[in-house]
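Read the structure below first, then the notes.
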Amino acid sequence: VGALSLWTLIRDAGGAPKSILVINTDITEAKQAEIRIREQAEMLDLAYEGIIVGDFHTRRISFWNKGAERMYGWCAQEAEGRDIGELVFADASVLDKISGELLTAGESRGEHRHVSKSGKALIVSSSVTLVRDACGEPKSVLLINVDVTEKKVLDWNESGWGVSGG
């Protein structure tokens with residue numbers, strides 16, 4: 001795919017050009033990896049689910065797919081770099097419980113109350129997975145979220161607990 005070249009002019013003691021040192025570095029593998037990562041991110045953007053990646057320790061968002069944009073109303077540029085608890089969780093203290101489950105079991109699943117950019121209350125079914133670094137230390141978190149708000153409201157109404165109009 002390519003090479004990176006670094007050219008250096010070498011001068012003699014009097015300052016006159018003596019030779020040229022050329023160092024070529026094959027960056028084919030790095031370019032292929034970059035293309036592969038870009039293609040994978042594009043595939044994740046095709047998913048209906050909200051897919052979010054964040055730093056385990058800081059809770060800062062590093063990836064926010066189109067599904068998350070549709071679900072929450074924040075575009076990727078607005079969401080990336082922000083604290084996920086402050087951005088979408090109705091009760092950010094739930095993150096402490098999720099973090100504990102991640103450290104114990106490596107994953108957490110459940111339904112949580114979230115809030116969209118417009119302030120709309122959401123009920124979200126979340127699958128959260130801990131990603132560890134090469135040394136086995138917690139590194140990042142992968143969240144796959146599905147908005148189940150409408151389904152919950154329908155279930156609630158069908159069970160007879162819904163408010164009937166008059």
Side-chain angles (χ1 to χ4, degrees), residues 1-4 25-159 162:
V1 172
L4 178 65
T25 305
D26 182 1
I27 59 170
T28 303
E29 197 172 303
K31 280 290 192 190
Q32 288 172 340
E34 181 182 312
I35 291 167
R36 194 168 45 252
I37 289 169
R38 190 175 329 116
E39 288 172 348
Q40 289 170 346
E42 288 170 359
M43 282 189 277
L44 292 176
D45 269 340
L46 297 174
Y48 174 78
E49 295 82 2
I51 300 175
I52 304 166
V53 177
D55 183 276
F56 176 79
H57 302 286
T58 66
R59 298 180 176 165
R60 300 274 173 216
I61 297 166
S62 58
F63 178 80
W64 182 269
N65 81 333
K66 298 282 186 202
E69 288 184 1
R70 284 187 296 274
M71 187 181 307
Y72 297 105
W74 299 96
C75 70
Q77 293 79 9
E78 293 173 304
E80 290 171 357
R82 304 266 309 266
D83 181 297
I84 190 164
E86 295 172 3
L87 193 66
V88 301
F89 277 82
D91 178 6
S93 68
V94 171
L95 286 172
D96 293 331
K97 178 181 179 268
I98 294 171
S99 294
E101 291 173 357
L102 290 173
L103 290 172
T104 303
E107 65 180 8
S108 174
R109 297 183 195 286
E111 291 180 356
H112 306 285
R113 297 188 183 278
H114 288 193
V115 180
S116 72
K117 181 179 181 179
S118 67
K120 178 184 173 188
L122 304 171
I123 300 172
V124 175
S125 176
S126 294
S127 175
V128 187
T129 304
L130 178 63
V131 179
R132 294 182 180 270
D133 65 16
C135 298
E137 295 299 315
K139 178 182 177 185
S140 55
V141 177
L142 169 67
L143 297 95
I144 301 176
N145 293 335
V146 177
D147 182 358
V148 295
T149 308
E150 287 184 27
K151 181 186 181 318
K152 288 291 180 181
V153 169
L154 284 173
D155 290 349
W156 188 56
N157 286 337
E158 288 174 3
S159 70

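Sequential numbering from 1 along the given sequence is applied to the chain's residues. Treat the numbers as computed from the prediction; the structure is a model and nothing was measured.
Here the NZ atom belonging to Lys139 is positioned 11.5 Å from the CG atom belonging to Leu130, to the nearest 0.5 angstrom. Between atom CZ of residue Arg70 and atom CG of residue Asp147 there is a gap of 12.0 Å, rounded to the nearest 0.5 Å. Taken to the nearest 0.5 Å, the OG atom of Ser140 stands 12.5 Å off from the CZ atom of Phe63. To the nearest 0.5 Å, the span separating CD1 on Ile84 from CD1 on Ile98 amounts to 8.5 Å. Interatomic distance, OG of Ser99 versus NE2 of His57, reported as 10.0 Å (0.5 Å rounding). The distance from the CG atom of Leu122 to the CD atom of Glu150 is 10.5 Å, given to the nearest 0.5 Å.
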**OP:** Could you walk me through whether Phe56 and Asp133 pass side-chain contact (heavy atoms from CB on, under 4.5 Å), step by step?
**Re:** CA-CA 11 Å; Phe56 176 79; Asp133 65 16; over 6 Å; no

Subject >> Check against side-chain contact (heavy atoms from CB on, under 4.5 Å), Val131 and Val53 >> reply: CA-CA 10 Å; Val131 179; Val53 177; over 6 Å; no

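Atom CZ of Arg113 is surrounded by 12 or fewer heavy atoms from other residues, nucleotides or ligands within 6.0 Å. The local environment of NZ in Lys117 is crowded, with over 12 non-hydrogen atoms from other residues, nucleotides or ligands closer than 6.0 Å.
Counting only heavy atoms from C-beta outward, the side chains of Glu101 and Val128 never approach each other to under 4.5 Å. By the 4.5 Å heavy-atom criterion applied to side chains, Arg132 and Pro138 are counted as neighbours. When side chains are defined from C-beta on, Asn145 counts as touching Tyr72, because their heavy atoms get closer than 4.5 Å. In this structure the side chain of Ser108 never reaches within 4.5 angstrom of the side chain of Lys97, judged on heavy atoms. In this structure, the side chains of Trp74 and Glu69 stay at 4.5 Å or more apart for every pair of heavy atoms. Within the 4.5 Å cutoff, no side-chain heavy atoms of Val88 are placed close to those of Met71.
Between the side chain of His112 and the main chain of Leu95, no donor-acceptor pair closer than 3.5 Å is present. Judged by distance alone, with hydrogens and angles left aside, the side-chain atoms of Ser127 form no donor-acceptor pair with the main-chain N or O of Ile144 at under 3.5 Å. A side-chain donor-acceptor contact under 3.5 Å links Asp45 to the backbone of Lys66.
Arg60 approaches Asp83 most closely through the heavy-atom pair NH1-N, 3.1 Å. Here the closest non-hydrogen pair linking Thr149 and Ala121 is CG2-O, 4.1 Å. Counting all heavy atoms, side chain and backbone alike, Glu111 lies closest to Val148 at OE2-CG2, 4.2 Å. In this structure, Glu78 and Gly73 approach most closely via the heavy-atom pair OE1-O, 4.2 Å. Pairing each heavy atom of Ala47 with each of Ile51, the nearest pair is CB-CD1, 3.8 Å. Of all non-hydrogen atoms in Ile52 and Ala68, the two that sit nearest each other are CG1-CB, 4.1 Å.
Under the 4.0 Å criterion applied to side-chain N and carboxylate O atoms, Glu34 and Arg38 are assigned as salt-bridge partners.
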